[in-house]
Structure formats: C-alpha cells, structure tokens
Amino acid sequence: MMKAWQSLAVAAATVVGVNAQAAGIQEFIGSSHDSAAPYSYVETNLLIHPDDYKGFGLQGSYVIRPNMALVGHYNRLTADVVNVDVTSTLISVGGRYFFGLSSLANTDLDLTAYLTRAEAEAGSLSISDSGFVLGGQLRHMLGDLPIGTSIFTAEEVYGGLRMGFSDGDSNAVAQVGLIVGINEQFSAKAEVALDDGTHFSVGVRMQLGKKQINPDAPLKSALSFAPTRKPVEPPQVSDSGNPYGLTADELADLEEIAGNS
C-alpha cells in the first residue's frame with residue numbers, strides 16, 4: 001500500500017505537471033482573439049468535383065460569443081454517369097472554435113465539428129448516410145494586401161485538414177484557400193481540396209456585421225462620439241425686475257393689464 005508521504009509526492013508531481021502543461025498551452029494560445037478575422041458570413045460557391053460532378057454550395061458562419069460560432073453547409077452535386085442522372089446532396093450543422101496564436105502574428109487556429117447527412121439518387125435508386133466531421137485549419141490574415149493596381153485586396157489564406165466519419169468508415173480531406181476582398185462587405189473565395197481526387201470551388205462571401213475583434217479590448221463609450229453641444233445659458237434676471245428683456249412700452253402694457261385684472 002502506498003504510504004501517505006508517497007501519495008502526497010505523487011499528487012504534488014501531478015499538480016506541477018498540470019500547471020506546466022497549462023502554462024505551455026497559455027503560451028501557445030493568445031490571450032484573446034485579436035486577428036480581426038470575419039467569422040460571421042454567408043457564402044455561395046460553384047463546386048467542381050472529380051468524375052464530372054458539378055454543383056453549388058451554400059454555407060454560413062455566425063458568431064454567437066467571442067471565439068465561438070455556429071456553422072452550416074448545403075452542397076448539391078449532379079453528374080451524368082453512363083447516361084444515368086446522379087444527384088448528391090450534403091447537409092451539415094455544427095460549431096467552430098477559433099483563437100489567435102501567440103507565436104504567429106495575425107494567425108488563428110480554427111477548429112470545427114459538425115454533423116452531416118448525405119443523400120444520393122441515381123434514377124429510381126437512393127441511398128443516405130449520416131456521420132460527423134472534425135477539422136482544423138490555420139487562417140492567416142493578410143491585412144487587406146493590395147493586389148497590384150487593382151481594386152482587390154488579399155485578405156486571408158488558410159489551410160487545414162478535416163476527417164469525416166460515418167458507419168465505420170473514415171476519410172481525410174486537405175484543403176487550401178484564398179480570400180480576396182472586393183469591397184468592405186463582399187469577398188471572393190477560391191479553394192482546392194484533396195482526398196481521392198481534386199476538388200475546386202470558387203465563390204462569393206458576404207460578411208455579416210463587423211469583423212470579429214479582440215473581445216477583451218475596452219469598449220469606448222458611445223458618449224465620447226456624441227457631438228459637443230453648446231451649453232444653454234439660463235435667462236439673466238436684471239435688478240430692475242425685467243427678467244425677460246422687455247422694452248419699456250411692453251412693461252407698461254403688462255402693468256396696465258395687471259392693474260385691470
């Protein structure tokens with residue numbers, strides 16, 4: 001049986017190890033998300049997949065609290081396979097958690113997890129499958145880097161890996177992409193994904209609201225932006241009993257009215 005002092009030593013060593021690990025994680029993760037990345041948006045994409053599959057995709061992300069967002073996807077692909085029309089749809093919902101990295105400036109680690117539902121139809125046949133996806137990617141913000149003399153700016157590059165799991169099967173997909181700003185609200189997106197083939201997508205993203213900023217930064221009071229108004233001076237009361245600046249004739253008329261009342 002372990003003696004009391006041995007138990008105390010093991011507990012102390014465990015506490016020291018946990019604290020050291022926490023300190024290491026704290027050095028890895030920034031104190032807060034401050035890379036000004038847009039995590040609230042909706043976008044539509046043109047999808048080009050292997051085996052002549054083509055279609056479109058819709059997806060959105062909405063920040064619900066600092067460093068957390070809800071995500072959703074809808075993809076629809078069609079192809080003519082040996083003169084049979086094949087249609088595939090994919091719906092997914094989930095969440096993402098993102099934070100700035102202290103060791104890499106303007107870089108986020110973006111983690112996602114979502115449930116998926118896939119259906120495929122070929123003529124009168126149909127199959128469906130459910131599963132979930134875990135993913136992670138690095139997003140590096142370029143700070144609206146001008147592209148030559150054009151009106152476009154390079155906003156962000158990203159790359160990562162996601163793993164899909166369904167019915168005992170799994171697959172890995174690696175992707176890299178580029179976000180190019182068109183104006184303050186709209187951006188263009190291009191992405192290449194690799195698994196058992198090469199998948200391309202190009203699309204347009206519309207930003208919702210303002211870009212995510214450092215949630216720990218002190219908020220400026222709205223009053224500090226209010227226009228300065230000239231103070232209203234109270235009416236001056238004179239010693240002559242004429243507090244309204246009336247003329248002698250006006251005072252006489254008032255005295256006459258008061259005397260007749």
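When reading the values below, keep in mind they use all heavy atoms of this one structure, side chains included, and skip hydrogens, waters and symmetry mates.
Applying the side chain to side chain contact (heavy atoms under 4.5 Å, CB included) rule to Arg117 yields the partners Glu119, Ser128, Ser130; only residues at least two apart in sequence or on another chain are considered. Checked against ring pair (Phe, Tyr, Trp, His ring centres under 6.0 Å), Tyr62 has no partners two or more places apart in sequence or in another chain.
In the hydrophobic cluster analysis, where Ile, Leu, Val, Met, Phe, Trp and Tyr join through side-chain heavy atoms closer than 4.5 angstrom, Val84 is grouped apart from Ile127. Placement of Leu161 and Leu194 in two distinct hydrophobic clusters is found when ILVMFWY residues are connected by side-chain heavy-atom separations under 4.5 Å, directly or transitively. No single ILVMFWY cluster, assembled from side-chain heavy atoms under 4.5 Å apart, contains both Val202 and Ile48. Cluster annotation: Tyr97 is connected to Leu104 through the hydrophobic network of ILVMFWY side chains, with a link wherever side-chain heavy atoms come within less than 4.5 Å. Clustering ILVMFWY residues whenever any of their side-chain heavy atoms sit less than 4.5 angstrom apart, transitively, puts Leu208 in the very cluster that holds Ile64.
Side-chain atoms of Arg76 and Ser88 form no donor-acceptor pair, as typed in the model, at a separation below 3.5 Å. Between the side chains of Gln207 and Ser187, no donor-acceptor pair of N or O atoms lies under 3.5 Å. In this model, no donor atom of one side chain and acceptor atom of the other lie less than 3.5 Å apart for Tyr39 and Asp110.
Considering only heavy atoms from C-beta on, Met68 stays 4.5 Å or farther from Arg96 through its side chain. Put simply, the side chain of Thr116 reaches to within 4.5 Å of the side chain of Leu90, judged on heavy atoms. Side-chain contact check for Glu43 versus Lys189: some heavy-atom pair is nearer than 4.5 Å. Within the 4.5 Å cutoff, side-chain heavy atoms of Leu109 are placed close to those of Phe99.
Of the inter-residue distances, the one linking His49 atom NE2 with Asp195 atom CG reads 9.0 Å to the nearest 0.5 angstrom. Summarising the geometry, atom CZ belonging to Arg139 is positioned 12.5 Å from atom CG belonging to Asn106; distances are rounded to the nearest 0.5 Å. Distance check, rounded to the nearest 0.5 Å: OG1 of Thr89 to CG of Asn75 gives 9.5 Å. Here Glu121 contributes atom CD and Ser126 contributes atom OG; the two are 6.0 Å apart, rounded to the nearest 0.5 Å. Between Leu138 atom CG and Asp108 atom CG the span is 9.0 Å, to the nearest 0.5 Å. Between atom NE2 of residue His140 and atom CG of residue Leu101 there is a gap of 11.0 Å, rounded to the nearest 0.5 Å.
Contact detail for Leu47 and Ser201: the closest heavy-atom pair is CD2-CB, 3.6 Å. Ser166 approaches Asp129 most closely through the heavy-atom pair OG-OD2, 3.0 Å. Across all their heavy atoms, Phe98 and Val63 have their closest contact at CZ-CG2, 4.2 Å.
With hydrogens and angles ignored, the 3.5 Å screen pairs no side-chain donor or acceptor of Ser150 with any backbone N or O of Gly148.
Through direct or relayed side-chain contacts under 4.5 Å between Ile, Leu, Val, Met, Phe, Trp and Tyr, Tyr74 connects to Phe56, Leu58, Ile91. Listed by chain and number, the hydrophobic cluster partners of Val71 are Tyr114, Val133, where partners are ILVMFWY side chains within reach of under 4.5 Å, directly or through others. Grouped by direct or indirect side-chain proximity (heavy atoms under 4.5 Å, Ile/Leu/Val/Met/Phe/Trp/Tyr only), Phe165 sits with Leu115, Phe132, Leu134, Met163.
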When the side chains of residues 169-182 are checked against the rest of the protein, which donor-acceptor pairs come out under 3.5 Å, sequence neighbours left out?
{"unit_1": "Gln175", "atom_1": "OE1", "unit_2": "Arg162", "atom_2": "NH1", "d": "3.1"}
{"unit_1": "Gln175", "atom_1": "NE2", "unit_2": "Gln137", "atom_2": "OE1", "d": "3.2"}

**Study point:** Verdict with supporting geometry, Leu142 and Val157, side-chain contact (heavy atoms from CB on, under 4.5 Å)
**Key:** CA-CA 8 Å; Leu142 299 173; Val157 292; 4.0 Å; yes
